Protein chains: 2
Amino acid sequence: MEKGTTPITRESGALHATAFLRLDSSGNVLRSPCELCTARDYSVCRHITGKDFEQLFPHGPHVQIRKAGTTIFLQGEPFGSVFIVQNGWLLVHKLFEDGRRQIIRFVLPGDLIGFEGNEVEGMSYSAEAITDVALCGIRYSLFFKTCAASPQLAMNFATTVTREALAAWNHVGALGQQRAQGRVANLLLDLHHRVVARCGTEPAAIQLPINQIHIASATGLTSVHVCRTLKQMRQVGLLEFRKGQLVLLDTERLAEIAQLDPAVPLDGLQKMN
Amino acid sequence: MEKGTTPITRESGALHATAFLRLDSSGNVLRSPCELCTARDYSVCRHITGKDFEQLFPHGPHVQIRKAGTTIFLQGEPFGSVFIVQNGWLLVHKLFEDGRRQIIRFVLPGDLIGFEGNEVEGMSYSAEAITDVALCGIRYSLFFKTCAASPQLAMNFATTVTREALAAWNHVGALGQQRAQGRVANLLLDLHHRVVARCGTEPAAIQLPINQIHIASATGLTSVHVCRTLKQMRQVGLLEFRKGQLVLLDTERLAEIAQLDPAVPLDGLQKMN
DNA sequence: CGTTTGGTTGACACGGGTCAAAAGGGGTGG
DNA sequence: CCACCCCTTTTGACCCGTGTCAACCAAACG
C-alpha cells in the first residue's frame with residue numbers, strides 16, 4: 001500500500017468510488033480520510049465504511065494476523081465469520097477434484113470476505129492469504145444481527161455485495177467471450193484500478209503480489225499460455241509484468257482489448273509467437 | 001409455472017430455500033404460501049418476500065406486461081428501476097462490439113432484476129424478455145429509500161444479491177475450468193433446480209423457454225458446438241433436450257460432470273462424435 | 001552448494017471455432 | 001393445400017487457439 005498525497009479525482013479512482021459517494025444535506029460529496037486503509041478519501045474505498053466499522057466493533061477492532069499461504073476458510077466448512085481485510089491480499093477460489101482451481105476473486109485491503117456461502121450449505125469457496133494479512137473478523141451471526149438493527153449498515157453491505165456481483169458478472173463476460181489477451185487485460189486492468197485507487201498518485205509501476213500461476217487460474221488459462229500471452233503483450237508494447245511489477249504502457253489499447261472485443265484481430269496485434 | 005400440491009421437502013427445493021428460511025420464536029421453520037409466484041411455501045422462492053412486497057407497494061403492486069423479445073433496459077442506460085418478476089423469463093446479457101453477447105443470468109419469476117449497475121455509470125448490462133413477462137417495478141431511488149428505512153428489507157435485498165453473487169461465481173468456475181459438457185450440465189441443472197423448486201412435484205420433463213443459441217451464449221460456446229455437445233450427452237443417456245423440453249435421465253452423472261471435473265475423461269463418456 | 005519454485009520455450013495434440021450447406025419445422029399468403 | 005420463407009438444428013470439413021508434455025533456465029532458499 002502506498003500513501004496518497006493528493007485528493008483522488010482521476011477516473012480510475014472514480015470507477016470504484018461510485019458506490020460509496022456520500023452526500024451532505026446540501027448535496028455535496030462528503031470526503032473524509034478512511035480509517036481502514038490509507039486512502040485519503042473513504043469514498044474511493046471498496047469497503048464497509050469506518051462508521052460501520054465502529055458499529056461492528058464498539059470496543060475496538062479484533063485484528064488477527066495470518067501468514068502468507070494460510071487458508072482462511074475451506075469450501076464445505078460451516079459458515080463462520082465475515083472479515084474486513086485491513087492489510088494484505090487474499091484470494092477466493094473454487095477447488096476441483098483433480099487439484100485445479102478457479103480463482104474467483106482477489107481480495108484487497110478494505111474488501112469484505114467470508115460471505116461466500118450460507119448457513120445451510122456452508123462455504124462454497126476457499127480463501128487463502130496471498131501475502132501476510134491482517135483481518136478484522138466478526139461472527140456472521142453477530143454481523144447479521146448488527147445489520148438487522150441498522151439499515152445503513154445493511155445497505156452498505158448490500159452495496160458491497162452488489163459491487164462484487166457486478167465484478168463477477170464482468171468476469172463471466174471475460175471468460176465466456178474473450179480470448180487469452182482479453183482475459184489477461186481485464187484482470188490486470190482491474191487490479192491496477194483497485195491498487196491505484198488506494199494511492200493518491202498514479203505511479204508508473206505498481207506492485208502486485210501475484211505470479212503467472214495466479215493469473216492463469218483466475219483467467220482459466222494454463223500458466224504456460226499466460227506466459228506466452230504476456231510475452232505477446234510485452235512485445236507489442238502493451239504492458240510490462242515482471243516479478244509482480246506491473247507497468248501499463250498503452251492503457252487505451254489495453255482497455256480496448258479488455259472491454260471491447262479482442263477476438264476480432266486488432267490490426268496486427270496477434271500472431272507474434 | 002406449475003402448481004404445487006405437496007409441501008416441498010426434496011433437496012432440489014431445499015437448495016434454493018436456504019436463504020429464505022424463517023424461524024418462529026421457538027425455532028421452527030415458518031411456512032406459508034407465496035403471494036408472488038405459485039409456490040406453496042415462500043421459503044422456496046428466490047425473491048424478496050411477500051411482506052417486503054407489501055412494503056414496497058403499499059397501494060398495491062404496479063404490474064406491467066412486456067412482450068417476448070422486448071428490451072427491459074440497455075447497457076449504458078441510466079440506472080432506473082428495480083423489478084420483481086411475477087411471470088415469464090428474462091435474460092441479462094453483456095453486449096460486445098461485434099454483436100456477440102454473453103448471457104450473464106436467466107431471471108425467473110420471483111427473481112429481482114434491475115440492480116445490474118449503479119447511479120454513476122448506469123446499467124452495466126442489458127435485459128431482455130425471453131417470454132412475455134409481468135414485471136413489478138419500483139424506482140431505484142424509492143427502493144433504496146425504503147430499504148434504508150427497513151433493515152429487514154435491506155437484509156433481504158443483501159441476501160438476494162449474495163445469492164446472485166454465489167451463482168455468478170459458480171458460473172465463473174464453470175466457464176474457467178470446465179469443457180463443453182460440464183458447462184452445459186451446469187446450466188441445465190441450475191435451470192432445472194430453479195424450475196422444479198416452483199412446482200410441488202418433480203415432473204419427468206420440464207419446459208424451458210430457451211433454445212440452443214441461448215445455451216451457447218450463456219456457456220461461452222457457439223451454437224454449433226452446443227448442438228454437438230447436446231448430441232453427445234443424448235447419446236450417452238445423460239439427458240434429452242428438444243424444443244425446450246428438458247428431461248434429465250442420469251442426474252447423478254450429470255451432477256458429477258457439472259460439479260466435479262469434466263475435463264478428466266469419465267471412463268468412455270467422451271469421444272462419441 | 002543442491003533443491004525448489006516460477007518463468008520460458010518448443011513440439012505436438014485436441015477441443016472448439018468457423019464456414020458452409022442442408023434438413024427440419026412453423027408460420028403465412030396465395 | 002401447397003409454396004415459400006424464416007429460424008433453429010444438424011452435419012461435415014477444416015483451422016486455430018490453447019492445453020499438454022517435457023526440457024531447461026534463473027532466482028530464491030536452506
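First the proteins, then the strands, lettered A, B, ... as listed; each starts at 1. The model shown is predicted, which means the values in this text are computed figures rather than measured ones.
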Worksheet entry | NZ/NE/NH1/NH2 to OD/OE distance under 4.0 Å, Asp111(A) and Arg105(A) |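 Salt bridge flag = no for Arg105(A) with Asp111(A).
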
Below 4.0 Å: OP1/OP2 of [N] and any side-chain N or O of [X]:
X: Gln212(B); N: dT10(D); answer: yes
X: Arg100(A); N: dT20(D); answer: no
X: Lys231(B); N: dT10(D); answer: no
X: Thr222(B); N: dG17(C); answer: yes

Discussion item. Applying a 4.0 Å non-hydrogen cut-off, can you work out what Gly220(A) is touching in the nucleic acid: base, sugar-phosphate, or nothing?
Written reply: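 Sugar-phosphate contact only.
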
Worksheet item: Under 4.0 angstrom, heavy atoms only, what part of the nucleic acid is Leu230(B) near: base, sugar-phosphate, or nothing?
Response: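 Nothing, no nucleic acid heavy atom in range.
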
Between [X] ([atom1]) and [N] ([atom2]), how many Å, whole number?
X: Arg179(B); N: dG17(C); atom1: CZ; atom2: P; value: 11 Å
X: Gln181(A); N: dC16(D); atom1: CD; atom2: P; value: 17 Å
X: Ile215(B); N: dG16(C); atom1: CD1; atom2: C1'; value: 17 Å

Discussion item. Between Val226(B) and Phe241(B), is there a side-chain heavy-atom distance shorter than 4.5 Å?
Written reply: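 Phe241(B) vs Val226(B): side chains apart.
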
Practice prompt. Name the orientation class of the two ring planes belonging to Trp169(A) and Phe115(B) (parallel below 30°, tilted from 30 to 60°, perpendicular beyond 60°).
Written response: tilted

Worksheet item: Do Arg228(A) and dT20(D) share a donor-acceptor pair, side chain to base, under 3.5 Å?
Response: yes

Worksheet entry | Distance-only polar pair, side chains of Asn211(A) and His214(A), donor-acceptor under 3.5 Å |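 Short answer, yes.
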
